[in-house]
Amino acid sequence: MYQQETIKPYHEGEKTTQVEQMFDNIAPTYDTLNHRLSWDIDRGWRKKAIGQLAPYQPQAILDIATGTGDFAILAAKLLKPTTLIGADISEGMMEIGRQKVEQEGLQDIISFHKEDCLHLSYDSDTFDAVTAAFGIRNFADLDQGLREICRVLKPGGHLSIVELTTPVAFPMRQLFHLYSHTVLPLYGRLISKDSSAYSYLTRTIEAFPQGEQMVGILKKAGFAEASFRRLTFGICTMYQATK
């Protein structure tokens, strides 16, 4: 078991249930907080992660932990697949995603499915690519979730992940620690009205495996190749893996 798997947003209940409740609670303010707390840098991180897939021209894409659909919408615009499914456990988040997809006129390409990412309902060898932005950190069982992602990918298919991480070098490590323990939880609590969600965010970022350790976890899950690249002084890390 990895350390972040033991961290829960609230006090009672299974982690998966608590994560669903948390995201339903913060759904109305999630996009605003994401962009403000990252100073809009998160938009560039998503674009880079999608760019990893561009050479492969995937036509069937699964966006895991899709949330309000930002990653799915950007992937549909940049990669132009025939089908893109956004999967998430939170109906509150996906309902906002559906509204955004309709506004963008992408409803013929993007659909949303409520899924437990540890037990996906899709057949094996279904998707050309899987994407995940800031979501796998919330898995109650990281190994199981990554095995499921690998299972639903076609042989030779690609996974692109972008995830928040802890910087490793001075002084960014110290500055990020200060920011994530003061500004992030305080501002998140004021805007979202959820006293626990953004403290949970900080704790899971610090506990989550990253870099070389995460590459090893991806290979253990069944991926033949895996690599990583740190972005913005290590505040975010981008991973690519091939089945």
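- Using a 4.0 Å cut-off between a side-chain N of Lys or Arg and a carboxylate O of Asp or Glu, Arg189 and Asp194 do not qualify as a salt bridge.
- Put simply, Val130 and Val162 are part of two different groups of oily side chains (I, L, V, M, F, W, Y) that touch within less than 4.5 Å, one to the next.
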Checklist line | Steps toward side chain to side chain contact (heavy atoms under 4.5 Å, CB included) verdict (Phe176, Ile205) | finding: CA-CA 11 Å; Phe176 182 74; Ile205 292 170; 4.1 Å; yes
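- Within a 6.0 Å sphere centred on NZ of Lys48, other residues, nucleotides and ligands contribute 12 heavy atoms or fewer.
- Less than 6.0 angstrom separates the ring centroid of Tyr122 from the ring centroid of Phe127.
- A donor-acceptor pair is defined here as one N or O able to donate and one able to accept, closer than 3.5 Å; no such pair exists between the side chain of Asp24 and the backbone of Ser90.
- In this structure, the side chain of Ser160 engages the main chain of Ala49 through a donor-acceptor pair within 3.5 Å.
- Side-chain heavy atoms closer than 4.5 Å link hydrophobic residues (I, L, V, M, F, W, Y) into clusters, and following such links, possibly through other members, connects Ile7 to Phe23.
- Here the shortest heavy-atom pairing between Leu146 and Ala221 reads CB-CB, 3.6 Å.
- Across Ser192 and Ile26, no two heavy atoms sit closer than the pair CB-CG2, 3.9 Å.
- A donor atom on one side chain and an acceptor atom on the other are found under 3.5 Å apart for Asn138 and Tyr200.
- Met172 and Met238 fall within a single hydrophobic cluster, where Ile, Leu, Val, Met, Phe, Trp and Tyr side chains are chained together by heavy-atom contacts under 4.5 Å.
- Rounding to the nearest 0.5 angstrom, the gap separating the OG1 atom in Thr204 from the CZ atom in Phe134 is 12.5 Å.
- Looking only at side-chain heavy atoms (C-beta outward), Ile109 and Thr83 stay at 4.5 Å or farther from each other.
- Residues Cys117 and Phe139 have side chains in contact (heavy-atom distance under 4.5 Å, counting atoms from C-beta outward).
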Please tabulate, for side-chain N and O atoms in residues 92-107, each donor-acceptor pair with protein atoms closer than 3.5 Å (sequence neighbours left out).
unit_1 : atom_1 : unit_2 : atom_2 : d
Glu95  : OE1    : Arg98  : NH1    : 3.4
Arg98  : NH1    : Glu91  : OE1    : 3.3
Lys100 : NZ     : Asp31  : OD2    : 2.8
Lys100 : NZ     : Thr68  : O      : 3.1
Lys100 : NZ     : Thr68  : OG1    : 3.1
Lys100 : NZ     : Asp70  : OD1    : 2.6
Glu104 : OE1    : Lys77  : NZ     : 3.0
Glu104 : OE2    : Lys77  : NZ     : 3.4

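- Proximity of Ile235 to Ile41: side-chain heavy atoms (C-beta onward) are nowhere separated by under 4.5 Å.
- Formation of a donor-acceptor pair under 3.5 Å by the Thr82 side chain with backbone atoms of Gln59 is found in this model.
- Expressed to the nearest 0.5 Å, how far CG of Leu164 lies from OG1 of Thr202 amounts to 9.5 Å.
- Using a 4.5 Å heavy-atom threshold, the side chains of Ser199 and Pro185 count as touching.
- Across Gln3, His177, Gln4, a single residue satisfies side chain to side chain contact (heavy atoms under 4.5 Å, CB included) together with Glu206, and that is His177.
- Salt bridge absent: Asp125 and Lys154 never bring a charged side-chain N and a carboxylate O closer than 4.0 Å.
- Side-chain atoms of Leu120 and Ile64, non-hydrogen and from C-beta on, do get closer than 4.5 Å to each other.
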Margin query: Let's go through Tyr56 and Asp128 carefully: what are the C-alpha distance in whole Å and the side-chain angles of both, what is the deciding distance for side chain to side chain contact (heavy atoms under 4.5 Å, CB included) to 0.1 Å, and is it a yes or a no?
Written below: CA-CA 9 Å; Tyr56 311 113; Asp128 301 310; over 6 Å; no
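- Judged purely by atom type and a 3.5 angstrom limit, Arg173 has no side-chain atom pairing as donor or acceptor with the backbone of Val168.
- Hydrophobic clustering (ILVMFWY, side-chain heavy atoms < 4.5 Å, transitive): Leu53 and Leu78 are in one cluster.
- No side-chain donor from either of Thr237 and Arg230 sits under 3.5 Å from a side-chain acceptor of the other.
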Next item on the list: Apply side chain to side chain contact (heavy atoms under 4.5 Å, CB included) to Phe71 and Ile50, showing your working.
Entry: CA-CA 8 Å; Phe71 207 31; Ile50 291 166; 3.3 Å; yes
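- The nearest pair of heavy atoms linking Asp143 to Lys220 is OD2-NZ, 3.3 Å.
- Across every non-hydrogen atom of Ala54 and Leu79, the tightest pair is CA-CD2, 3.7 Å.
- Grouping the Ile, Leu, Val, Met, Phe, Trp and Tyr side chains by contacts below 4.5 angstrom, directly or via other members, places Leu201 apart from Leu190.
- Note that OH of Tyr30 is 15.5 Å distant from CD1 of Ile191, once rounded to the nearest 0.5 Å.
- In this structure, Gln210 contributes its side chain and Thr166 its backbone to a donor-acceptor pair below 3.5 Å.
- From Ile149, atom CD1 reaches atom CD1 of Ile136 across 6.5 Å, with rounding to the nearest 0.5 Å.
- Separating the CD1 atom in Ile85 from the CG atom in Asp63 is a distance of 10.5 Å, to the nearest 0.5 Å.
- For Tyr2 (side chain) and Asp141 (main-chain N/O), no donor-acceptor pair under 3.5 Å exists by modelled atom type.
- With hydrogens and angles ignored, the 3.5 Å screen pairs a side-chain donor or acceptor of Thr182 with a backbone N or O of Leu178.
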Item checked: side chain to side chain contact (heavy atoms under 4.5 Å, CB included) between Glu115 and Ser121, intermediate numbers included -> CA-CA 7 Å; Glu115 292 279 339; Ser121 64; 2.5 Å; yes
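- The shortest distance between side-chain heavy atoms of Met214 and Tyr239 falls below 4.5 Å.
- In this structure, Leu218 CG and Gln240 CD are separated by 11.0 Å, a value rounded to the nearest 0.5 Å.
- Of the possible polar contacts, none joining the Lys243 side chain to the His158 backbone as a donor-acceptor pair under 3.5 Å is found.
- Side chain of Lys114 to backbone of Asp88: no donor-acceptor contact under 3.5 angstrom is found.
- Closest non-hydrogen pair, Gln18 versus Tyr10, comes out as OE1-N, 2.6 Å.
- Of all heavy-atom pairs spanning Ala65 and Gly135, the tightest one is CB-CA, 3.7 Å.
- Listed by chain and residue number, nothing satisfies the ring pair (Phe, Tyr, Trp, His ring centres under 6.0 Å) test with Phe233 (two or more places apart in sequence, or in another chain).
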